[in-house]
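Right, one structure below, let's go through it.
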Amino acid sequence: MDYLQIKGVDSINGTIKISGAKNASLPLIAMTILAKNSVHIKNLPAVADIKTLLKLLSNLGATCDFHDDKVIVNTSTLNQTKATYDIVKTMRASILVLGPILTRFGHCEVSLPGGCAIGQRPIDLHLKALEQMGAEITIQAGYVEAKAPNGLKGCEIIFDKITVTGTANIVMAAALAHGKTTIINAAREPEVVQLCEVLNNSGINIDGTGTAVLTIEGRAGKLMDINEFSVIPDRIEAGTYLCAGAITKSEITLTNVNTHHLGAVIAKLEEMGSSFSSTQDTITIHPSKIIKPVRVITQEYPAFPTDMQAQFMALATQAEGTSIIEERLFENRFMHVSELQRMGADISLNGNVATVNGRNKLSGADVMATDLRASSALVLAALVADGITNIHRIYHLDRGYDSLEKKLKNVGTDIQRLNE
Ligand code: EPZ
């Protein structure tokens, strides 16, 4: 199994090109189920989750031609409506095919995704909304079985909690439903915004894009032609590398970014002492020599993203003072704490609140990745630790970071992928 070996450095410098957003790519690939034409998608990240979803679509009978950062997906040959456990268990975002398959074919079976390291990850809100749209849903032997033989009907849906993939699933289900669907308390993440924009450009009338109230005029089962589009830059990958600049007190530049999607992250890094210069699609971090402590509360977009919580915890271990990090979205998203503690970090937990006393020099150690963003926190810590850090189980990292070691090597990091 692969592991990453990283030697602490004094500083890094140079430029990193940001890849397309994993969490935008996944719903956009699922969306091709609604198309009658071959859909051309550009700027896809070369990460495991994308390959997994394309494999799922191929297993259902679609054709997926994936080269470099481009894919051509044709789902006109799709002849299966069952997403099996063997694939879904490796990537819970497979649930994103439920809405499109059900609204197009009138029936769908998707394996329950099960939880993951960061939490139980229920899908009750997805299912409740589909039932409101007329679907008959049962859970049989670990599978969601959904039926809507006469198609789904538009209606008003109020989400009890803001759910990113729940919003995406229902937007796609509504796209081919009969009549209008209104989603209240919709997610406003940039990844959901792009899905709405692409659908809007393909003949689906969606109002309220980017707001908490979306209305979607369904096409009553009529498939659409989806024009070629390019996936938005990955704001979490970008935020992670900005933290690499901050933690090593190095000036680095990121290209192919959308700084409008990074507002809360940039604001927090400014609070910790960094300043920034940016152009249309680049940003340079000018880090301070003293990292100030910070208070972080994770919430839905446009507030501070939970997917940046672990990275900021690694950064907070180097602050001059005590930081408070509160995780409000997931019940178990502190798996990186014990690994950071093994490197000498002074962190204490009280429920969903972590208190991080900075100033401790970290020391290299053997540590274990537990989930995608926890892995990136360990990489950041390893950059400033004394000596060598070996990060094991980096298949977690490979799910969401495109060519991480190549990108970090290009800015002067002593990093290599080895096999144990
Ligand atoms: C998406 O997950 C992202 N994944 C996650 O990124 C991200 O952390 C999360 O949104 C929050 O921003 C993808 O987009 C593929 P939610 P999702 O539904 O949609 C509860 C990463 O690192 N909830 O917005 O699964 C849920 O338990 C990943 O890239 C229900 O209770 O998250 C959580 O507490 C990790 N019932 C909250 O809502 C439901 O039916 C937000 O979850 C659905 C969700």
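Positions are given from 1 along the sequence. Remember, it's 1-based here, ligands and their atoms both numbered in the order they're listed.
Ligand 1 has no atom lying under 4.0 Å from any heavy atom of Gly166.
Backbone and side-chain nitrogen or oxygen atoms of Glu331 are examined, and none is located within less than 3.5 angstrom of a nitrogen or oxygen of ligand 1.
At a heavy-atom distance under 4.0 Å, only side-chain atoms of Arg92, from C-beta outward, approach ligand 1. The part of Leu372 lying near ligand 1 is the side chain, judged by heavy-atom distances below 4.0 Å. Proximity of Asp124 to ligand 1, defined as any heavy-atom pair under 4.0 Å, is shared by backbone and side chain alike. Contacts between Arg333 and ligand 1 below 4.0 angstrom, taking non-hydrogen atoms only, involve the side chain exclusively. If you look at Lys22 next to ligand 1, the close heavy atoms, those under 4.0 Å, all belong to the side chain. Contacts with ligand 1 closer than 4.0 Å are made by backbone heavy atoms (N, CA, C, O) of Ile162 only, the side chain lying farther away. Only the side chain of Asp307 comes within contact range of ligand 1, with a heavy atom under 4.0 Å; no backbone atom does. Contacts between Tyr301 and ligand 1, counted as non-hydrogen atom pairs separated by less than 4.0 Å, are absent for every part of the residue.
Around atom NZ of Lys36, more than 12 heavy atoms belonging to other residues, nucleotides or ligands sit under 6.0 Å away. Within a 6.0 Å sphere centred on NZ of Lys89, other residues, nucleotides and ligands contribute more than 12 heavy atoms. The environment of Gln280 atom CD is sparse: at most 12 non-hydrogen atoms of other residues, nucleotides or ligands sit within 6.0 angstrom.
Considering only non-hydrogen protein atoms, atom 19 (O) of ligand 1 sits nearest to Thr165 OG1, 2.6 Å. For atom 18 (O) of ligand 1, the closest heavy atom belonging to the protein is Thr163 OG1, 2.7 Å. Here the protein heavy atom with the shortest distance to atom 4 (N) of ligand 1 is Asn23 ND2, 3.7 Å. The protein non-hydrogen atom at the shortest distance from atom 40 (O) of ligand 1 is Leu125 N, 2.7 Å. Among protein heavy atoms, atom 27 (O) of ligand 1 sits closest to Pro122 CD, 3.4 Å. Here the protein heavy atom with the shortest distance to atom 22 (O) of ligand 1 is Arg373 NE, 2.9 Å. With respect to atom 9 (C) of ligand 1, the closest heavy atom belonging to the protein is Phe330 CZ, 4.0 Å. Here the heavy atom of the protein found nearest to atom 16 (P) of ligand 1 is Val164 N, 3.7 Å.
Listed by number with element, the atoms of ligand 1 under 4.0 Å from a non-hydrogen atom of Ile123 are 39 (C), 40 (O). Those atoms of ligand 1 with a heavy atom of Lys161 less than 4.0 angstrom away are 20 (C), 31 (O), 34 (O), 38 (O). Numbered from 1 in the order shown, with element, the atoms of ligand 1 that lie under 4.0 Å from a heavy atom of His126 read 40 (O).
Residues Leu315 and Leu380 have side chains not in contact (no heavy-atom distance under 4.5 Å, counting atoms from C-beta outward). Side-chain contact between Asp69 and Pro45 is absent, with no heavy atoms from C-beta onward closer than 4.5 Å. Contact check for Arg235 versus Asn258: no side-chain heavy atoms found under the 4.5 Å cut-off. With contacts defined as side-chain heavy-atom distances shorter than 4.5 Å, the pair Asn59/Gln80 does not qualify. Within the 4.5 Å cutoff, no side-chain heavy atoms of Phe276 are placed close to those of Thr259. Considering only heavy atoms from C-beta on, Phe334 comes within 4.5 Å of Gln309 through its side chain. For the pair Met308/Thr240, a side-chain contact is recorded, criterion being any heavy-atom separation below 4.5 Å from C-beta on. The shortest distance between side-chain heavy atoms of Ile16 and Thr253 does not fall below 4.5 Å.
The heavy atom nearest to atom 37 (C) of ligand 1, considering only Asp371, Asp49, Leu329, is found in Leu329. Taking each of Asp234, Leu127, Asn169, Thr306 in turn, the one with a heavy atom nearest to atom 11 (C) of ligand 1 proves to be Thr306. Residue nearest to atom 2 (O) of ligand 1, selected from Glu191, Arg121, Met91, Glu300: Arg121 (by heavy-atom distance).
Applying the ring-ring contact (aromatic ring centres under 6.0 Å, His included) test to pairs two or more places apart or on separate chains, those with a residue in residues 300-319 are Phe304-Phe312. Within the structure, ring-ring contact (aromatic ring centres under 6.0 Å, His included) contacts touching residues 389-415 (residues at least two apart or in different chains) are Tyr3-His392.
With respect to Lys407 and Glu405, no salt bridge is recorded, no charged nitrogen being found less than 4.0 Å from a carboxylate O.
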